[in-house]
Amino acid sequence: MKYKAYMAHNFRTIPQLSALSEEEIRNIEIVGNVFPFKVNNYVVDELIDWDNYLNDPMFRLTFPQKEMLSDKDFETMKKALDDKVDKDTLKIIADSIRATLNPHPAGQMEMNVPEYDGEKLPGIQHKYEQTVLFFPSSGQTCHSYCTFCFRWAQFVGMDGLKFAMRETEQLVGYLGEHQEVTDLLFTGGDPMIMSFKVFKQYIEPFIDPNNKTNIQTIRLGTKVLGFWPYKFLTDRDAQEFLDLFKKITDSGLNLSIMAHFNHVNELKTPAVQEAIRLLREAGAQIRTQSPLIKNINDDPDVWAKMWRKQVNLGMIPYYMFVERDTGARHYFEVPLIKTWEIFQKAYQQVSGVCRTVRGPSMSCVPGKVQILGTDEISVNGKTEKVFVLQMIQGRNPDWVNRPFFAKYDPHARWMDDLKPAFGKKFFFDDELEEMIEEAKEELQSA
Ligand SMILES: *Cc1c(COP(=O)(O)O)cnc(C)c1O
């Protein structure tokens with residue numbers, strides 16, 4: 001299958017758009033000039049149900065929706081396009097809208113950039129002891145963009161390639177000095193956008209039995225199975241990828257594909273099922289993850305079916321995330337209480353083999369905070385309704401797996417909205433404050 005991409009400038013050539021009115025097409029164009037917009041022929045031809053596109057989760061996942069912009073921002077962009085302003089003016093207008101949408105959430109960049117040999121390594125994030133995230137410079141785009149993507153700012157050129165590195169040399173050097181790191185997670189963008197020739201160079205040092213790192217698991221964070229399974233079926237270098245994966249697993253390393261699936265519909269095509277089979281045949285494990293997103297998968301039955309189908313296809317449900325506080329948040333976000341209810345209703349429908357999934361989890365500054373549920377607790381005769389929380393991962397490993405309480409708030413949507421219960425601080429607040437101060441001082445001296 002030949003890959004064909006459609007973006008804001010050429011998407012009108014998609015044949016299926018004849019089902020849409022000119023106004024609907026224009027709306028996509030308007031919003032697609034603010035948020036990243038790219039979709040490909042597999043998504044268009046095999047995933048989207050064009051008879052029902054208005055309610056189709058795959059359509060909403062990939063085509064910008066009018067409601068993603070406020071009325072005011074929508075009108076501003078519409079006018080700019082109607083007036084046919086020049087390219088530079090259009091970018092200024094788009095950027096000014098983007099700047100109001102919290103393009104850089106959760107202090108990722110400032111706090112987790114390590115150093116090696118006296119140099120900052122901007123393509124690495126090392127937040128949790130055992131796992132290093134690596135952003136290879138040639139893996140910073142995707143086969144298709146998700147409308148809710150929390151890294152959207154990078155795809156509209158607001159970040160450049162801040163999170164990116166060209167060389168593995170520094171990575172291998174850093175990991176050699178950090179024997180506590182067992183997992184190397186390739187992320188992006190999507191590392192599976194890389195050609196084999198480029199990808200191979202990043203992987204080979206770790207297959208070498210004489211390498212001085214303690215890497216035992218290579219993880220690939222990718223949406224390729226959902227958006228372009230032909231990567232492993234018909235792309236020119238498909239077999240080379242599978243052979244390299246086999247070589248990785250034969251060398252005694254664990255290869256974990258961290259596959260991003262947002263909806264059970266992404267699992268139905270013969271292409272994705274065959275790609276999953278081939279990856280497993282190469283010895284890879286496939287773990288699955290997704291945020292819970294309004295208008296796309298805010299339905300417990302969808303999650304239960306998705307986890308069940310994933311297990312049937314030989315995959316391991318891993319994470320359910322809370323939608324992040326960025327971009328078209330008002331369109332996609334679900335209050336924490338509702339997110340937890342959906343998780344719980346889905347979890348109770350599946351057997352233990354699907355319950356490897358953990359969540360709902362917020363990836364925020366202190367760690368990965370999991371919502372365990374709600375309760376009412378009495379302290380000194382005063383009863384308070386609370387959220388019960390714990391960290392799945394913590395900036396300090398000692399914070400992990402300790403239950404803690406936040407005041408119940410039916411409108412809370414993210415960690416920032418939560419206040420400690422009983423008027424106290426969260427147990428980690430003082431230490432976190434110190435860590436943030438330290439990071440700030442370091443930034444200033446750099
Ligand atoms: C989620 C995450 C990881 C991986 O955590 P696991 O629990 O091992 O899957 C690593 N680094 C960062 C910054 C993360 O957000």
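Just so you know, ligand 1 is whichever comes first in the structure, and atom 1 is the first atom listed for that ligand. Throughout, numbering of the chain's residues begins at 1 and tracks the sequence. In this text the structure is predicted, and so the values were computed from the model without any measurement.
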(message) Given 3.5 Å as the limit, does a donor-acceptor pair link the side chain of Asp235 with the main chain of Ala238, or not?
(response) no
(request) Give the numbers and elements of all ligand 1 atoms closer than 4.0 Å to a heavy atom of Tyr318. (result) 6 (P), 7 (O), 8 (O), 9 (O)
(request) Output yes when a side-chain donor or acceptor of Thr249 lies under 3.5 Å from a complementary backbone atom of Ala284, and no otherwise. (result) no
(message) Please tell me whether Phe63 and Tyr53 form a close aromatic pair, meaning their ring centres lie under 6.0 Å apart.
(response) no
(request) Can you figure out which of Arg287, Lys127, Arg219 has its heavy atom closest to atom 8 (O) of ligand 1? (result) Arg219
(request) Could you tell me if the ring centre of His143 sits under 6.0 Å from that of Tyr42? (result) no
(message) Under a 4.0 angstrom heavy-atom cut-off, which atoms of ligand 1 come close to Tyr319?
(response) 6 (P), 7 (O), 9 (O)
(request) Take every heavy atom of Met258, measure it against each atom of ligand 1, and state whether any distance is under 4.0 Å. (result) no
(request) Tell me, please, which residues at least two apart from Lys231 pass salt bridge (Lys or Arg N to Asp or Glu O under 4.0 Å). (result) none
(message) Tell me the contacting part of Gln130 for ligand 1: side chain, backbone, both, or neither, using a 4.0 Å heavy-atom threshold, strictly below.
(response) neither
(request) Kindly state each residue pair satisfying side-chain hydrogen bond (donor to acceptor under 3.5 Å, both in side chains) with at least one member in residues 402-412, sequence neighbours excluded. (result) Asp398-Arg402
(request) Could you tell me if any non-hydrogen atom of Leu133 lies under 4.0 Å from any atom of ligand 1? (result) yes
(message) Pairs of nitrogen or oxygen atoms closer than 3.5 Å, one from Gln393 and one from ligand 1: do any exist?
(response) yes
